[in-house]
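Step one of this worksheet: look at the structure below.
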There are 2 protein chains.
Amino acid sequence: MAETPRPEPRYGNRPTMKDVAARAGVGLKTVSRVVNGEPGVTPETERRVREAIDALGFRRNDSARVLRKGRTATIGLVLEDLADPFYGQLSRAVEEVARAHGTLLINGSSAEDPERERELALALCARRVDGLIVIPAGDDHRYLEPEIRAGVATVFADRPAGLLHADAVLSDSFGGAREGVAHLVAHGHRRIGFVGDRPGIHTAAERLRGYRAAMEDAGLPVDERWVAPGPTDPERVAAALAGMLSGPEPVTAVFAGNNRVTVTAVRVLAGRTAVAGGPPVALVGFDDVELGDVLGVTVVAQDPAGLGRTAAQQLFRRLEGAAEAPRRVVIGTRLLARGSGEVPPSSG
Amino acid sequence: MAETPRPEPRYGNRPTMKDVAARAGVGLKTVSRVVNGEPGVTPETERRVREAIDALGFRRNDSARVLRKGRTATIGLVLEDLADPFYGQLSRAVEEVARAHGTLLINGSSAEDPERERELALALCARRVDGLIVIPAGDDHRYLEPEIRAGVATVFADRPAGLLHADAVLSDSFGGAREGVAHLVAHGHRRIGFVGDRPGIHTAAERLRGYRAAMEDAGLPVDERWVAPGPTDPERVAAALAGMLSGPEPVTAVFAGNNRVTVTAVRVLAGRTAVAGGPPVALVGFDDVELGDVLGVTVVAQDPAGLGRTAAQQLFRRLEGAAEAPRRVVIGTRLLARGSGEVPPSSG
DNA sequence: ATGAAAGCGCTAACAA
DNA sequence: TTGTTAGCGCTTTCAT
């Protein structure tokens, strides 16, 4: 039984603290002290250890450290689609807060699929992220109960948790939509369409509710042919718009329920007016879009970065031990009048 | 029957395989078999184990597993800014490839700061990511040499590595810019400005080189007052544009070196024409922008998703053992003529 | 089919 | 100031 053999080089044959210790002629713990900047090492010893570290190309294995310390200094963010600028901004804001806390962020896109959301969230839990921010795709989050009980701090963002009492940071979808539709009413519109996301999505339902409230506030009837919740792919949105813009009593204004709907609506309405010479249709969108200012698109702007920052701050508050009851933070929206929402109705 | 005492609850008191084994009345290894779907467990035993798992809310600790197995099933992506739609799309494409390989992705934004890029990349190495995709902020990547030697597969995307021989997946910045500027020349422009990113950035330098090549191809002189590389913040870009659009011999067309420059240029030029009633200025931008089609912005489009997908595929090829020499893949660009690049020069 | 023991690379607790 | 020992929770190996 000679020296310990290393039959299976792991991590592509990386040196360990033990290797560094052997090379520097010191004990394992001394290396650990140097690597972690702990006190109690003479400058001369430290020098030798550092020399060995450089010579060997040693880098501490955080997996082992995590196993011992019980904290990964990592949080997870489950969102819908990182390629959507809204979530990109939100994620970036979360990252900044995490960075300020010496923490890394693992993102995962659910692609709006509840099963994929669940898989992702649980995979992150298996990696023992310290905390989790979830932008729900599904509406039943009881699968997270054991995780939360086991100590994974969890904050929901953009949409609340389903069947679970947990922290949530949301935009004021109801109020924002109500304000946006009221804006159209104030400019003389009486037949206003609503194109939004699938009604199973909390924010979509809230915005639809805001639309109905504004119409009712104004004493205006809602023809159900004007209301088109559903997927936000361009084809569906274009078809929905075509439907409510045709017939004997077409809408004179449209409220778009999110940024993707708005983008498609801008395309469709611009095409109608330019190519077909149709009458201009007023448009207000929920959520801002890039170059919306240049295009003159009136929107109810959310603050994606604020949403992400607030959610992350709440998460770290929990990680630092805050034990108050779950709370819901609602972030206000701002109506930005840029032209498209101030077009008067084109006909009786 | 005394319960197993757990003096120091880690991970917020999570049950371990040992706990599950005790509760199910089986050995530790049997639990491991069930959890990992290994054969050699009778259905009855498996049932009891699963029961214990559910009752306890057990979830395997992947940190411990990683320590033993040597693979984290995680890759890292260091990019510039996740809030930039270009990188959002790139990251999303990387994520999809990773997902197909059962791998998670950790993103980090360098904010175009070389030191922060280095910190991030090394932090990811300390967590023993299996591989790394880096979009360089700095121009010296020798700090990654020990990591690569130790087995961290590394692929550079969007920009090549500095002072390091490694895989890289790039857009054809030189060719794309040359084509875009030639397009302006073909529409009669002779005084063409260039507003791009800082020349230290490889892609920015390449695009500037493409601009000069196209001018030379056409036998046109370049007045250095028309060339404005630098930071891409709106103020700098607006000032640069103002400079080259004034004076006795103003430019009649502008080539914008990336999406942020293009967005600002669209704003500035739209404002000039609308408010000041100035003559229209032609514009071609490198990289597409959202709603660029509606606005009629002519661009040289890159394929950010293709860039990310290709880089990720190359990374997994390496992880699966491909040992060929480092290779460079160049992805072509496409000129999308939409109006702004086809405006003729407004005056002699 | 099942389980006991060793050990992955590190840190905490305690000796020297 | 420095080193030794015992795990963290899991997989691997080898016995039963």
Side-chain angles (χ1 to χ4, degrees), chain A residues 1 3-22 24-49 53 56-73 125-128 150-151, chain B residues 4-22 24-49 53 56 58-73 125-128 150:
Chain A
M1 37 216 78
E3 69 277 47
T4 319
R6 282 182 141 265
E8 281 243 348
R10 300 187 180 280
Y11 302 115
N13 221 347
R14 278 196 172 264
T16 70
M17 282 191 181
K18 196 171 156 191
D19 300 326
V20 174
V26 301
L28 176 60
K29 180 64 209 187
T30 300
V31 177
S32 173
R33 287 196 179 95
V34 171
V35 169
N36 295 299
E38 286 166 26
V41 182
T42 53
E44 163 56 15
T45 308
E46 172 164 355
R47 198 191 50 72
R48 273 173 36 226
V49 170
I53 287 175
L56 264 38
F58 168 82
R59 185 164 313 283
R60 183 182 65 198
N61 184 332
D62 279 353
S63 290
R65 166 172 237 245
V66 157
L67 186 57
R68 207 45 249 246
K69 302 204 73 143
R71 284 242 156 171
T72 53
C125 289
R127 288 176 195 227
R128 297 296 188 269
Chain B
T4 317
R6 293 190 129 257
E8 279 249 346
R10 298 190 178 277
Y11 301 114
N13 221 349
R14 277 196 171 266
T16 70
M17 282 191 180
K18 196 171 154 190
D19 300 325
V20 174
V26 300
L28 176 59
K29 179 62 212 186
T30 300
V31 177
S32 172
R33 286 195 179 94
V34 171
V35 169
N36 295 300
E38 287 166 27
V41 182
T42 56
E44 164 56 15
T45 308
E46 171 164 355
R47 197 192 50 71
R48 272 174 35 227
V49 171
I53 286 174
L56 264 38
F58 168 82
R59 186 163 313 283
R60 184 181 63 196
N61 184 333
D62 279 352
S63 289
R65 167 170 234 248
V66 157
L67 185 58
R68 209 45 249 245
K69 301 204 74 143
R71 284 242 155 171
T72 52
C125 289
R127 284 169 199 233
R128 296 296 187 269

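Lettering of chains follows the sequences in order, A, B, ..., and the numbering in each one begins at 1.
For a distance-only test at 3.5 Å, the side chain of R68(B) qualifies as a donor-acceptor partner of the base of dG7(C). Side-chain atoms of R14(A) stay outside donor-acceptor range of the base of dG9(C), with no qualifying N/O pair under 3.5 Å. Judged by atom type and distance alone, R128(B) does not reach the base of dG9(C) through any side-chain donor-acceptor pair under 3.5 Å.
Within the 4.0 Å cut-off from OP1 or OP2 of dT12(D), at least one side-chain nitrogen or oxygen of K69(B) is found. Applying the 4.0 Å criterion to OP1 and OP2 of dC10(C), one finds that S63(A) has every side-chain N and O outside that range. Between N36(B) and dT11(D), a side-chain N or O to OP1/OP2 separation shorter than 4.0 Å is present. Remark: S32(A) is in phosphate contact with dT11(C), judged by side-chain N or O atoms under 4.0 Å from OP1 or OP2. OP1 or OP2 of dG3(D) has at least one side-chain nitrogen or oxygen of T30(A) nearer than 4.0 Å.
You'll find that the side chain of K29(A) is closest to dA13(C), out of dC10(C), dT11(D), dA13(C). Proximity note for T16(B) (side chain, C-beta onward) versus dG9(D), dC10(C), dG3(D): the nearest is dG9(D). Closest to the side chain of T42(A), out of dC8(C), dT2(C), dT1(D), is dT1(D). Closest to the side chain of T45(B), out of dT2(C), dC10(D), dG3(C), is dT2(C).
R33(B) places its CZ atom 8 Å from the C1' atom of dG3(C), with the value rounded to the nearest Å. The distance from atom CG of D19(A) to atom C1' of dC8(C) is 13 Å, rounded to the nearest whole Å. The CZ-P distance, from R71(B) to dT12(D), rounds to 14 Å in whole Å. Taking atom CZ on R48(A) and atom C1' on dG3(D), their separation rounds to 14 Å, with Å as the unit. Between the C1' atom of dG3(C) and the CE atom of M17(B) lies a distance of 14 Å, rounded to the nearest Å. Here dC8(D) presents its C1' atom at 11 Å from NZ of K18(B), a figure rounded to the nearest Å. Rounded to whole Å, atom P of dC10(D) lies 8 Å from atom CG of L28(B). Across the protein-nucleic acid pair, R65(B) atom CZ and dC10(D) atom P stand 10 Å apart, rounded to whole Å.
With hydrogens and angles disregarded, a donor-acceptor distance shorter than 3.5 Å links the side chain of R48(B) to the backbone of A24(B).
Here the CG atom belonging to D62(A) is positioned 15.5 Å from the CZ atom belonging to R68(A), to the nearest 0.5 angstrom. Once rounded to the nearest 0.5 Å, the distance linking OG of S63(A) with NZ of K69(B) reads 14.0 Å. The distance from atom CZ of R127(B) to atom CG of N61(A), rounded to the nearest 0.5 Å, is 11.0 Å. Taking OG1 of T30(B) as the reference point, atom CD of E46(B) lies at 11.0 Å (rounded to 0.5 Å).
As judged by a 4.0 angstrom heavy-atom cut-off over every strand, R60(B) is placed among residues touching the sugar-phosphate backbone only. Within 4.0 Å of D62(A), counting heavy atoms only, lies no atom of the nucleic acid at all.
Where A64(B) and G25(B) each meet DNA chain C at their nearest nucleotide, the meeting point lying more 5' is that of G25(B).
Proximity of M17(A) to R60(A): side-chain heavy atoms (C-beta onward) are separated by under 4.5 Å at one or more points.
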